[in-house]
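Encoded as structure tokens, the structure appears first; notes follow it.
Fair warning: this is a prediction, and the values are worked out from it, not measured in the lab. Chain letters run A, B, ... following the sequence lines, proteins first, then strands; residues in each count from 1. Values reported hereafter were calculated over all heavy atoms of this structure, with side chains retained and with hydrogens, waters and symmetry mates removed.
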Amino acid sequence: MQRFLAIFVKEIRQLRRDRLSLGMLFLVPVLLLALYGYALSFDVKHIPVAVLDEDATRASREFLESLFSNPYFDRVLTLDRRAEADAVLDRGRARLVLVIPRGFAQRLARGETAEVQALVDGADASSAGAAVGYLDALAARATRRVQIETIQRAGIAPSLPLVALVPRIWFNPDQESSHFLIPGLISMLMMLAAVIATSLSIVRERERRTLEQILVSPVRPMELILGKTLPYVLVGVATMGLILLLGRIAFGVTVAGSWWLLSLTTLVFLFSALGMGLMISSITRSQQVAFQLATILTLLPSFLLSGLIFPIRSMPVFHQVFSLFFIPRHFVTALRAIMLKGAGFAEIWPSLAAMLALGLFFNGIALWRTRRSM
Amino acid sequence: MIVARELTCVFGSFTAVDHVSFAVARGEIFGFLGPNGAGKSTTIRMLCGLLRPTSGTARVAGYDTGREPECVRERIGYMSQKFSLYRDLSVRENLAFFGGVYGLTGARLQARREAVVGMAGLAGMIDRITGTLSGALQQRLALGCAILHEPSILFLDEPTSGVDPLSRRTFWDLIQGLAAKGVTVLVTTHFLDEAEFCQRLAFIHAGRLVALGTPADVRRESVQEDLFEVALETLAGAREKLQGLADVLAVSFFGPRLHVFCRSGCYDSHTLGRALAARGLATQHVARVPVRLEDVFIRLVQRQPLNR
């Protein structure tokens, strides 16, 4: 106990003096969250639109009005000639050029299909797709209104049979992608901070030859590992709190579920992530190698195999199974369930169990390696 | 206190330590000499339990290093060439850490800390960051950390490398003080003046023990050759000419002079002078000199065929 305490206190003192590591543990996650939180958005809103109204009739103006009375499209430019459209898209002044051809109103009046042309900048395929989708829906709405007006003008009470989908999106009712992204980002940032910081801990002592001094002392492997890990558990919990606070202030992400469960999940996560860092530290010979290994093993799975960006269910089966061996997938699943759905222990225990199993494996290897070198 | 029996350590196809046996008594300062890569550090590391011997056994403080490493670790102090201190911690924090690791608490820790700070001459610097101390002070602090728990055996692996001669002297005074109190000291070095401070020496080369005994024994017994010091008018080409001479076994430079090792009883200073003159070497001075540890070192290293 006393030997463990000596290592624990020493580790905290070193951490306090090591501005670089402290910065990496606190500042970097906060910065990255702010950065990614704003940049990584799948929401397609405020798309800059240039308009070329060749028809210039009441009907065309009404149509345009209905189009811009929502947050999805912003009318930024009015064009006079069709030839300008290309240049506008090229220079990125607008992402979409809407052309209402001459005869729009006439065709409508005649009951024909009036075409509206949309030139879309497809460079960003997913937001282009979303823009076209919105546009389609808005056009359909406009059409229906025109139809109803026409029918009314004809003196018939409009009782057209309509099939309407009334969607109710649960858990993230505003469909804010940040609500969906933040748990994933938390997982990625915590993973980076926890694994990289601990991955350096043992190998640093090996490099500076202080490990030798510990190895000739009566310290046991378990005492060394606990003494080295526990300070990072404290730091990890603090970082987690900081990130949650920032998520709430900057992105309005709240925790729907219980804080106790969230704390438990965080501790289980830290157990496995710190274990992974220790394992890396115990199998590498230099800080540089440890750092690279830790970065590769945390960053890529956090991005690609966690469900942060690519939904796990739409992956090939192999990748789905493969992702099970990485901590972020389970942490993201659990975090989303707790934070967005307010899930209880009964729903998330498989994720916790998986992280626990991975943690036992990683810590076991770290312990075995340390024992062998003792 | 230390008994090594047929200690062997093999790394792949490379034999670092080859059947080394010796014993060290309580309160003895036992020196381990040898060129770089001879196997000195490897031997020490096996004795401390940092390395498992490929074969052979070692008993330290009465415990088998392989079977009872915990018992051994509580009773030894270890200090290596790169002082394994936490350079980002203060002197006090380093002492607190090593004290805690060895289970020192409260009054005992405080008493030992004061004793060590006094011994190392660190009074008034206890809150300095260790990395900002001079090399000599860091060295003495490292020694202090190694003896904080009052071990009965102290292993020093090239403790004085990179420290100025005066500080080395101070350091050896400390070591001799510890030995006088009954601490057994095993020290590796390649400073031959330091070897004279040791009560007994083991000379290790290419993993094998090639000489063992007091410094006087080693000088007398390990090089049973006559040594002559020769001053020449010009040194150019002299060594090559001398090496061709019958019964001359080795020639080495010794400052502006040459040390010539001859087969025992074959020459005296006159006959050697004449033999040199016959080779066309104008001698200023030829004299038989006693063998020094440095000569022993050179001869043992030259004579032993490298088995690698």
Can you establish whether the number of heavy atoms outside A:Gln2 located under 6.0 Å from its atom CD is more than 12?
yes
Over all atoms of both residues, closest heavy-atom pair of B:Val101 and A:Pro218
O-CD, 4.0 Å
Partner chain B: residue of A:Val9, A:Ile7, A:Asp18 with the largest heavy-atom pair count (under 4.5 Å)
A:Ile7
Please walk me through it: do A:Gln14 and B:Glu93 pass side chain to side chain contact (heavy atoms under 4.5 Å, CB included)?
CA-CA 10 Å; A:Gln14 285 190 306; B:Glu93 288 163 349; over 6 Å; no
Over 12 foreign heavy atoms within 6.0 Å of CZ, A:Phe361
no
Non-hydrogen atoms of chain A under 4.5 Å away: do they reach the side chain of B:Arg87, the backbone, both or neither?
neither
Hey, does the side chain of B:Arg73 reach the backbone of A:Val219 with a donor-acceptor pair shorter than 3.5 angstrom?
no
How long is the span from the OH atom in B:Tyr86 to the CZ atom in A:Arg13, to the nearest 0.5 Å?
13.0 Å
Report which part of B:Phe98 has an atom under 4.5 Å of a heavy atom belonging to chain A: side chain, backbone, both, or neither.
side chain
Working to the nearest 0.5 Å, report the span between CG of A:Leu5 and OG1 of B:Thr105.
11.5 Å
Distance-only criterion, 3.5 Å: show the donor-acceptor pairs between side-chain atoms of residues 243-250 of chain A and protein atoms not counting sequence neighbours.
none

Taking all atoms of both residues into account, what is the closest heavy-atom pair of A:Arg17 and B:Asp88, and its distance?
NH1-O, 2.9 Å
Scanning both residues in full, the closest heavy-atom pair of B:Leu50 with A:Glu212 reads CD1-CG, 3.4 Å
Can you tell which part of A:Glu205 gets under 4.5 Å to a heavy atom of chain B, answering side chain, backbone, both or neither?
side chain
Heavy-atom contact with chain A under 4.5 Å, split by part of B:Ile129
side chain
Nearest 0.5 angstrom please: A:Lys10 NZ to B:Asn94 CG, how far?
9.5 Å
A:Gln213 side chain to B:Tyr78 backbone, donor-acceptor under 3.5 Å
yes
Which residues, numbered in order, of residues 143-153 of chain B come under 4.5 angstrom of chain A by heavy-atom distance?
none
